[in-house]
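Source: prediction; values computed, not measured. The chains referred to below are lettered A, B, ... by the order of the sequence lines, with proteins before strands, and numbering in each begins at 1. Just so you know, these numbers use all the heavy atoms, side chains as well, and skip hydrogens, waters and symmetry mates.
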Amino acid sequence: MTDTVLISLKKVSKIHNEGRPNEVQAVVGIDLDIARGKVTVLRGASGSGKTTLLTVIGCLARPSSGRVALDGRDISGMPERFLTRIRQETFGFVFQGFNLLRGMSALDNIMLPAYPQAPPHRWLRRRALDLLSMLRLEHRADTPVEMLSGGEAQRTAIARALVNDPPILIADEPTANLDTALTREFLGIAETLKAQGKTLILTSHDPRVFEAGMVDHVVTLRDGRVEERR
Amino acid sequence: MNHFFARHLYLVDFTVASLGRRRGRNLGLFAVYVLLVFVLASVSLMTHGLRREAQAILESSPEIVVQRMIAGRNDPVPTGAVAAITGIRGVRAVQGRLWGYYYDAGMRANYTLMVPPDRPVESGAVVIGGGIARLRQLDTGDIVHFMAPDGRIVRFTVSGTLDSASELVSADLVLMNEGDFRAFFGFPADRFTDVVASVRNPREVGTVASKIALALPEARVVTRADMLRTYEALFDWRGGMVAVVLSGAVLAFVILAWDKAAGLSADERREIGVLKAIGWETSDVIAVKFWEGALVSLLAFLAGYVLAYGHVFYFSGALFEPALKGWAILYPRFRLVPEINGQQVATIFFFTVVPYTLATIFPIWRAATIDPDTVMR
């Protein structure tokens, strides 16, 4: 069966600090299709441009040139407000280092992405607790995030990414600081999400990730260009 | 529930949690803020209260007071002046007054001894003000002794105490009859302390005053408007002096607020980046910072103002008494009548809450427009 294209990139380039002495061309003329409901891994050495490409795919940054289409709709030139709306509804992010807000409980961190939509509070709390339960973390709901272990913090970050029920989950180097057992646990969660129909886009240079059985596509980047795809 | 209110409830909830997460810093700022509002509001309430008291007194004071001057000093007015002033066109009523000061060495306080024009007092009796009653622990029926200027000890019976809406009017008053007054001070029978006059047409006060000055060349004529101006100048001067001293504190607060607002920590920048990345709009981040500034400001303003109110009206403005109530020694338990003036509240609100809230929002707006991908770098 042929994959349906969810996200399509045409000649996408991204220049950081454009016009300044510290200008860097992070991504150069990339053409790439991301398949719906599949797991795609962007691999490459540090500085290869995979995180920058992830920010462009996830509407966290606009491309300097080229086009990005989501479900066939060109989103590359959209104003920030529309991109925010797309981020809210379409993407869930698991950041490298997780970026949970310290001083707040795991439950409060998970509910945060839904605040601007202001759903009924009881419903939102139930949804966050269900996610914690799915990730076997319900007993840590009221624990401040700085008291969580690495694995617990990552599962909290995953729950936060899923609270708005986005069709696409983006994770930047999700196993960078995890041991083998926790990496296996992450891959298990990723597989469950894939089975639920989610599209996963990961960056990683960890062979335990891009060689995992549930990964459908691996795109290798070098110096901001696609070197290989499988 | 309306989406707008529901959204802001969530944002306020997040703001309160944020304030709690930086408890130490926010409590420090809150304390400084409360102190500033307390000091400014205390000065404002007290100056306004004193001015209002003075106006209350002057409303019931005579339109024109005529004194006699010899070599630039006050001298008793001959009783004949009453007839001379009565004859001037436009004058409605004229009355000679008898009053003077008595220093109570034992209590180290000055009293005002006076013959009331409209209240008969029996010979050998006095009616005393609330301040003296408290100071010397006197009540109706008690005996009080005063030492006359010639060294005699004169005994009076307290026949009543004065109950006045304004403590400033009555606290130090001792009322006695004319015979007792003249005998106590050795005051000549053909003299008054001063003479007061009322005028038929209030708009003619200035003209009548000029006529009196012309008819009695040795007299000094003081109108109610003159006295009002003097009081206003006095309180404005006192309030201004304190304001100048306090301007240093206000400036220090502005610097602190600006530093707090402009100097976003790396932690706060990261937090804004995270919020934007997970789907918060720039307006959501600004709203949170607005609520942060508004909550701190409003609570500090409320706390500072309530403390100032208690300080001024229940503790006699103890901290600023020496600066604002220059004659405080006369009134050991001087209390102003509590009152809140809307314009006053608005002025202090405008000079404390508005600048702080704005100073909090402006730099945040700059930070909130940063691309959310900074959190990924």
Side chains of residues 303-313 of chain B: which donor-acceptor pairs under 3.5 Å do they make with residues two or more places apart or in other chains?
residue	atom	partner	partner atom	Å
B:H311	ND1	B:S42	OG	3.0
B:H311	NE2	B:A318	N	3.3
B:H311	NE2	B:L319	N	3.0

Whatever's closer than 4.5 Å to a heavy atom in chain B on A:P119 counts as both
Distance-only donor-acceptor check, side chains A:T84 and A:Q88, under 3.5 Å
no
Specify which of A:M104, A:R85, A:E89 makes the most heavy-atom pairs with chain B at under 4.5 Å.
A:M104
Please list every donor-acceptor pair under 3.5 Å in which a side-chain atom of residues 106-114 of chain A meets a protein atom from a residue at least two apart or in another chain.
residue	atom	partner	partner atom	Å
A:D108	OD2	A:S105	OG	3.3
A:N109	OD1	A:L101	N	2.8
A:N109	ND2	A:L101	O	3.1
A:N109	ND2	A:S105	O	3.2

Report which part of A:L124 has an atom under 4.5 Å of a heavy atom belonging to chain B: side chain, backbone, both, or neither.
side chain
Check ion pair B:R22-B:E292 (N to O, under 4.0 angstrom):
no
